[in-house]
There are 2 protein chains.
Amino acid sequence: MIKDIARLAGVSTATVSRALSHPDRVSEETRALVMGVVERHGYRVNSFARSLRKQRAGAVLALVPNLGNPFFSLIIKGIQDRLQEAGVDLLVADSHSTGGAGRSPVAHLRESRADGLISLDGSLPAATLKDLVAPDTVGKVVFACEWPLSAPLPSVRSDNREGMRLAVDHVVGLGHRRVAYLTGPAGNILTDERRAGVEAALAAQGLSLPPERVDGGDFSLEAGHAAAVRLMAMTPRPTAVICASDQLAIGLISGLSALGLSVPQDVSVMGFDDIASAPYALPPLTTIRQDRLALGRAAADLLLERLADPAATEGRVLTLPVELVLRRSTAAPA
Amino acid sequence: MIKDIARLAGVSTATVSRALSHPDRVSEETRALVMGVVERHGYRVNSFARSLRKQRAGAVLALVPNLGNPFFSLIIKGIQDRLQEAGVDLLVADSHSTGGAGRSPVAHLRESRADGLISLDGSLPAATLKDLVAPDTVGKVVFACEWPLSAPLPSVRSDNREGMRLAVDHVVGLGHRRVAYLTGPAGNILTDERRAGVEAALAAQGLSLPPERVDGGDFSLEAGHAAAVRLMAMTPRPTAVICASDQLAIGLISGLSALGLSVPQDVSVMGFDDIASAPYALPPLTTIRQDRLALGRAAADLLLERLADPAATEGRVLTLPVELVLRRSTAAPA
DNA sequence: CCTATAAATGTAATCGATTGCACCACTTTG
DNA sequence: CAAAGTGGTGCAATCGATTACATTTATAGG
């Protein structure tokens with residue numbers, strides 16, 4: 001195709017290419033001439049030919065634990081926003097669904113379909129992780145939101161421990177002493193961090209988190225709902241429940257409501273994330289806000305920087321601040 | 001790279017290529033030999049070289065009105081699931097954010113970064129739509145969920161009118177006569193379809209939808225919340241409100257609750273979509289379920305078929321069934 | 001034993017752009 | 001006025017695979 005343009009403009013393909021990619025390397029008039037022809041014929045460079053020659057894809061892969069989980073949408077949007085500014089495309093893949101072709105995410109890197117990888121999944125299979133830290137790929141990977149414990153790869157994350165400190169201090173400040181915790185899925189780094197944050201903050205207040213006051217096991221609505229009956233069967237009952245996610249909290253409130261209990265009169269409930277529906281829960285959910293959009297942007301930013309200079313970003317960890325959002329789901333104990 | 005493998009295996013690059021892509025075109029032993037070398041050296045084909053030569057990208061672009069809107073996540077997952085089975089990659093772009101590079105989605109097609117396009121946005125700018133129906137792109141485009149009125153492109157959609165008929169028949173069957181409607185954003189095809197569905201179904205029951213009983217103007221939680229006070233200021237009040245989305249319904253319930261009204265005792269509320277949190281709303285939301293996962297899969301399926309045979313799929317419209325899900329947000333009027 | 005046919009492999013053109021190097025036409029400088 | 005420098009172009013190699021066509025080798029049929 002570039003040949004056609006060259007022929008029509010009466011110049012060489014080299015000149016067309018330069019007029020398009022390095023406008024300052026051709027004369028004013030040649031550029032205008034070439035641009036005119038390009039315009040008239042609606043010519044567009046073939047990205048494969050370019051990628052093949054330049055040895056870069058112009059695309060980045062985002063690996064999501066579950067594409068169907070709405071929690072990730074804002075992070076993805078943040079990533080896409082930043083990438084679009086840089087003129088880089090976004091590929092997405094689900095790290096759990098391994099379809100017919102069954103290509104590992106690393107294959108995208110090795111087949112040079114993507115220049116880099118942003119993983120929102122911190123619990124990648126050991127084999128995948130091993131591939132990722134190989135010399136030829138380690139400089140192309142960053143983590144967002146979650147991160148792997150076993151490899152010191154660059155990552156962007158929210159300040160999960162601080163978030164839980166804010167949550168604990170809030171409910172303890174209201175006068176609660178028996179605080180229960182709804183935790184996330186086992187083996188997840190966020191689960192560990194947040195739980196550790198809760199325990200540390202409670203300890204700092206002279207309180208403890210006995211194992212029987214921990215329930216959940218999943219970030220989902222279902223898990224929260226199911227936990228209600230178990231939590232309320234305890235004697236004495238916990239007076240406040242801190243949840244590892246807003247979904248857990250909303251599910252829990254739903255479960256409590258089914259038991260005829262109301263929030264915050266009978267129990268205080270706190271979430272984590274500040275998802276879009278948190279302000280519209282009944283009651284509006286007191287929670288810890290993490291800025292998912294900013295997190296996505298920062299991750300994309302970090303990856304772009306890493307691709308430009310792997311050494312400079314070696315092991316870099318960016319921790320984003322979180323914020324206590326006071327709404328109506330917490331109150332002093334009865 | 002393929003040259004290295006060829007040299008190491010003592011065969012030509014042609015044979016390596018065939019061993020990899022057309023195993024039946026080489027002898028058993030050659031294949032084993034080549035595979036062995038490939039395995040040992042972790043060789044992977046370069047996708048650009050392949051794409052350049054084969055003139056296909058092996059990727060498809062999904063265009064989403066707002067990547068941050070969780071409503072789309074399940075559709076995207078459906079698309080990705082199906083594409084992965086076919087060994088095709090998924091690129092995503094936000095049709096609203098036009099970042100620095102500001103490349104139109106059509107550019108992806110023209111630059112052959114993507115073989116096809118699935119648009120979840122039915123309200124594309126006229127210029128974009130015009131580009132899409134050009135002879136060289138029209139065979140590569142399908143719509144999912146939404147669709148453009150002005151061009152007869154293939155699409156997959158839910159049966160929006162039938163859904164609203166089910167909703168209307170349900171509340172009217174409970175005895176409601178003054179039914180209000182919370183509508184979506186102006187200019188959106190779903191807004192039009194659903195409203196038309198409501199009006200037709202009410203008319204069939206001998207009822208009407210006076211303009212003052214229509215509010216909303218957006219699918220969002222906020223719009224639903226804001227509508228509550230206006231709707232309840234009417235005399236006589238509507239006894240049931242049908243919403244164009246679950247988000248509207250949940251926002252509405254939140255707004256009603258702030259006014260001290262409860263659902264369904266004071267007002268019945270219906271949603272549309274059956275999003276993940278609908279069962280955990282207070283009260284659990286009666287709604288119309290559309291299977292977003294199936295919709296995404298079907299759209300990906302349709303696109304793959306269209307890419308293989310554009311003529312056969314010309315103007316094809318697939319309408320997926322919807323379903324009434326009875327929960328607790330509707331009851332007979334007081 | 002020789003020819004026709006099939007199976008396996010190699011040769012080299014091709015996909016479409018980018019870019020190092022060479023070259024030409026002018027300026028500038030000593 | 002000759003030598004050196006500069007800006008603008010063109011030539012052709014290159015990126016890494018795929019595949020039409022040619023060639024070789026093995027097998028079957030007459």
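What you see below is based on every heavy atom in this structure, not just the backbone, and it leaves out hydrogens, waters and symmetry mates. The chains referred to below are lettered A, B, ... by the order of the sequence lines, with proteins before strands, and numbering in each begins at 1. As the structure is a computational prediction, the values presented were derived from the model and not from experiment.
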Next on the checklist: With rounding to the nearest 0.5 angstrom, report the CD1 to CG distance, A:I76 to A:L90.
Outcome noted: 6.0 Å
Checklist entry - Just by protein heavy atoms under 4.0 Å, how would nucleotides 14-20 of chain D read 5' to 3' in B, S and -? => result BBBSBBB
Next on the checklist: Salt bridge check, B:E111 against A:R50: does any charged N sit closer than 4.0 Å to a carboxylate O?
Outcome noted: no
Item to check | DNA chain D-proximal residues of residues 27-38 of chain A, any heavy atom under 4.0 Å | outcome: A:S27, A:T30
Item to check | Axial cation check for B:F71 ring with B:R292, 6.0 Å and 45° limits | outcome: yes
Checklist entry - Who passes side chain to side chain donor-acceptor pair (under 3.5 Å) against B:D301, sequence neighbours left out? => result B:R82
Taking N or O atoms only and anything under 3.5 Å, show me the protein contacts with nucleotides 22-27 of chain C, one pair per line.
none

Checklist entry - Which residues pass the side chain to side chain donor-acceptor pair (under 3.5 Å) test with A:N46, sequence neighbours left out? => result B:S112
Checklist entry - What is the bend of the helix from C:dC1-D:dG30 to C:dG30-D:dC1 when you compare the axis at one end with the axis at the other, using five pairs each and rounding to 10°? => result 50°
Checklist entry - Which is it for A:L117 and A:H108 under the side-chain contact (heavy atoms from CB on, under 4.5 Å) test, yes or no, and what are the steps along the way? => result CA-CA 9 Å; A:L117 172 68; A:H108 284 267; over 6 Å; no
Checklist entry - Rounded to whole angstrom units, what separation is found between the CZ atom of B:R25 and the C1' atom of D:dC21? => result 12 Å
Checklist entry - Are the side chain of B:R306 and the backbone N or O of B:V138 linked by a donor-acceptor pair below 3.5 Å? => result yes
Checklist entry - Between the side chain of B:S51 and the main-chain N/O of B:S47, is any donor-acceptor distance below 3.5 Å? => result yes
Checklist entry - Between B:T137 and B:L109, is there a donor-acceptor pair closer than 3.5 Å when you use the side chain of the first and the backbone of the second? => result no
Item to check | Derivation and outcome, salt bridge (Lys or Arg N to Asp or Glu O under 4.0 Å), residues B:E305 and B:R316 | outcome: CA-CA 11 Å; B:E305 188 182 345; B:R316 176 132 104 216; 2.6 Å; yes
Checklist entry - Checking A:D121 side chain against A:V64 main chain: does a donor-acceptor pair fall under 3.5 Å? => result no
Item to check | Within 6.0 Å of CZ in B:R25, more than 12 heavy atoms from elsewhere | outcome: no
